[in-house]
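Here the structure is laid out as structure tokens; the discussion comes afterwards.
By convention in this document, chain letters (A, B, ...) are assigned in the order of the sequence lines, proteins followed by strands, and residues within each chain are numbered from 1.
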2 protein chains.
Amino acid sequence: MSHTPGIRQAQKQRTRQALLDAALELLEGQSLSSLGLREVTRAVGIAPTAFYRHFRSVEDLGVALVEEALGSLHPMIRTTVSPAGEGEERIARAIELIAGHVDAHPAHVRFVARERHGGVRPVREAIQEQLARFTAEVGEALAGDAESAGWSEEDLLMLAQLYVDQMLITASLFLEAPASSPEARERVSRVAARQLRLIHVGRQHWLDGTGAAGSR
Amino acid sequence: MSHTPGIRQAQKQRTRQALLDAALELLEGQSLSSLGLREVTRAVGIAPTAFYRHFRSVEDLGVALVEEALGSLHPMIRTTVSPAGEGEERIARAIELIAGHVDAHPAHVRFVARERHGGVRPVREAIQEQLARFTAEVGEALAGDAESAGWSEEDLLMLAQLYVDQMLITASLFLEAPASSPEARERVSRVAARQLRLIHVGRQHWLDGTGAAGSR
DNA sequence: AATTCGGGAGAACAGTTGTTAACTGCATGG
DNA sequence: CCATGCAGTTAACAACTGTTCTCCCGAATT
């Protein structure tokens with residue numbers, strides 16, 4: 001009887017997570033394509049060969065990292081676009097949320113920004129796929145917004161893409177800003193807020209040229 | 001009076017360029033941080049030790065590649081923003097220019113997109129610096145535009161940043177689009193055009209809320 | 001014509017890499 | 001309670017890495 005049929009699998013998941021964590025930390029100073037299998041196992045404190053019990057290659061580990069990283073990004077994006085409050089306040093809140101997320105998971109953000117165009121195809125594609133899903137999700141959220149009345153689905157998606165890209169750029173800028181100086185951070189916030197505002201203004205007047213004179 | 005620069009230095013610059021070219025080609029399938037010195041020399045056909053006659057390290061070569069890649073991007077950005085024709089036509093022309101540049105120098109574009117957030121600090125910083133210069137330049141160009149009357153310098157820079165980032169994103173999308181299928185290319189063009197248009201609309205109504213008479 | 005200079009070659013170095021094989025110990029399911 | 005399964009280990013492999021030192025030879029300088 002013994003006992004929780006899970007001591008075994010729990011320990012496995014535990015070292016697996018340790019591998020992911022160690023890799024993420026090592027990736028602070030290099031790209032995935034130069035990350036070595038031995039390097040990771042050494043950091044964790046296990047034999048190199050044990051790596052194969054969890055991943056078939058470092059590429060595989062990278063793909064797993066994508067799931068983890070964008071899994072943590074998922075709720076953030078949803079909350080960011082969620083309709084709440086007036087326009088100006090919404091923008092401020094969105095930026096604050098991004099900044100908070102970068103603070104909470106800097107390694108994840110760095111990983112996504114770096115490997116999005118990185119040298120490992122499967123990882124790149126995994127990121128692209130997830131971001132496409134995010135874009136679609138944001139598009140749906142926008143569709144439910146009053147300001148999106150009369151918008152074609154294609155236009156909603158292009159706007160969603162604009163937002164998602166802008167979000168990533170802003171996150172990356174927060175990451176680069178020295179954590180010590182709050183002024184650099186404030187500068188990033190200011191610029192990002194204005195850019196979001198400009199996009200918002202463009203959104204409000206998007207249909208002005210069309211027959212429907214629905215300004216306002 | 002320095003005599004003829006010589007057949008000597010000419011040959012040196014020639015192998016130096018060969019190293020840069022070979023590196024750029026090898027970087028199609030990996031990141032700079034995993035590019036090996038021996039790998040590059042092997043591709044060129046010279047001894048590994050000869051590498052040191054031209055660069056102190058692969059990082060150094062990477063920084064040189066930044067100059068080359070963004071040097072070729074420089075005239076493009078300038079032309080793209082240059083005022084010519086009506087708004088809608090300008091957008092189409094800008095996108096065509098980007099597509100053409102990606103076709104002409106795909107490896108350069110890939111390199112910049114990849115290493116902008118890549119794992120090699122000096123290269124990352126070199127790219128950031130060059131992009132900042134571009135942004136400033138675009139800002140100046142925008143300042144000379146009639147549509148920018150009444151804009152603060154800070155706002156001009158944030159708009160310039162938006163444009164530069166958008167340009168890079170679009171270029172990267174063209175790069176990812178399979179060169180064979182013109183339909184994928186067309187799709188990228190369509191979305192990019194609409195995004196630029198939306199930004200343009202936002203720009204036109206940016207000052208609506210301020211003192212000037214307007215709706216609202 | 002003689003000498004210097006410098007790009008490149010060659011060999012050797014100490015480390016590192018991914019991957020294989022055969023092993024050990026312990027939680028697990030019968 | 002015992003036999004199986006499986007995470008993890010140890011040892012070994014061929015291949016590869018960056019870097020140093022010594023040498024070569026042709027162009028440049030004098």
query: Can B/Glu137 and B/His74 be said to form a side-chain contact (heavy atoms from CB on, under 4.5 Å), step by step?
result: CA-CA 10 Å; B/Glu137 199 172 320; B/His74 206 268; 3.0 Å; yes
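- For the pair A/Phe55 CZ and D/dA7 P, the interatomic distance rounds to 13 Å; values are reported in whole Å.
- Between the side chains of A/His117 and B/Glu115, no donor-acceptor pair is found at a separation under 3.5 Å.
- B/Phe51 comes within 4.0 angstrom of no nucleic acid atom, judged by non-hydrogen atoms across all strands.
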Protein-nucleotides 21-23 of chain D N/O pairs under 3.5 Å:
none

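- Atom CD of B/Glu39 is separated from atom P of D/dG18 by 8 Å (rounded to the nearest Å).
- In this structure, A/Arg14 places its CZ atom 13 Å from P of C/dA27, rounding to the nearest Å.
- Among C/dA9, C/dA27, D/dA28, the nucleotide with an atom closest to any side-chain atom of A/Ile7 is C/dA27.
- Computed from coordinates, the B/Ile46 CD1 to C/dG10 P distance equals 12 Å when rounded to whole Å.
- With sequence neighbours left out, the salt bridge (charged side-chain N to carboxylate O under 4.0 Å, His left out) criterion links B/Arg124 to no other residue.
- Judged by distance alone, with hydrogens and angles left aside, A/Arg8 brings a side-chain donor or acceptor within reach of the base of C/dC26, the pair sitting under 3.5 Å.
- Closest contact between the side chain of A/Ala50 and the listed nucleotides D/dG18, C/dT19, D/dT9 involves D/dT9.
- The aromatic rings of A/His101 and A/His105 sit tilted, their planes meeting at an angle between 30° and 60°.
- Between A/Arg16 atom CZ and D/dC6 atom P the separation is 17 Å, expressed in whole Å.
- The one candidate from B/Val120, B/Leu35, B/Val123 that meets the side-chain contact (heavy atoms from CB on, under 4.5 Å) condition with B/Val58 is B/Leu35.
- Contact check, A/Arg42 against C/dT17: a side-chain N or O comes under 4.0 Å of OP1 or OP2.
- One atom, CG of A/Leu26, and another, C1' of C/dT16, lie 15 Å apart when rounded to the nearest Å.
- Across the protein-nucleic acid pair, A/Arg38 atom CZ and D/dA15 atom P stand 16 Å apart, rounded to whole Å.
- No side-chain donor-acceptor contact under 3.5 Å links A/Arg16 and A/Gln13.
- The nearest whole Å value for the distance from the CD atom in A/Gln30 to the C1' atom in C/dT16 is 13 Å.
- Side-chain atoms of B/Arg110 and B/Ser172 include no donor-acceptor pair closer than 3.5 Å.
- At the phosphate of D/dG8, OP1 or OP2 sits under 4.0 Å from a side-chain N or O atom of A/Thr15.
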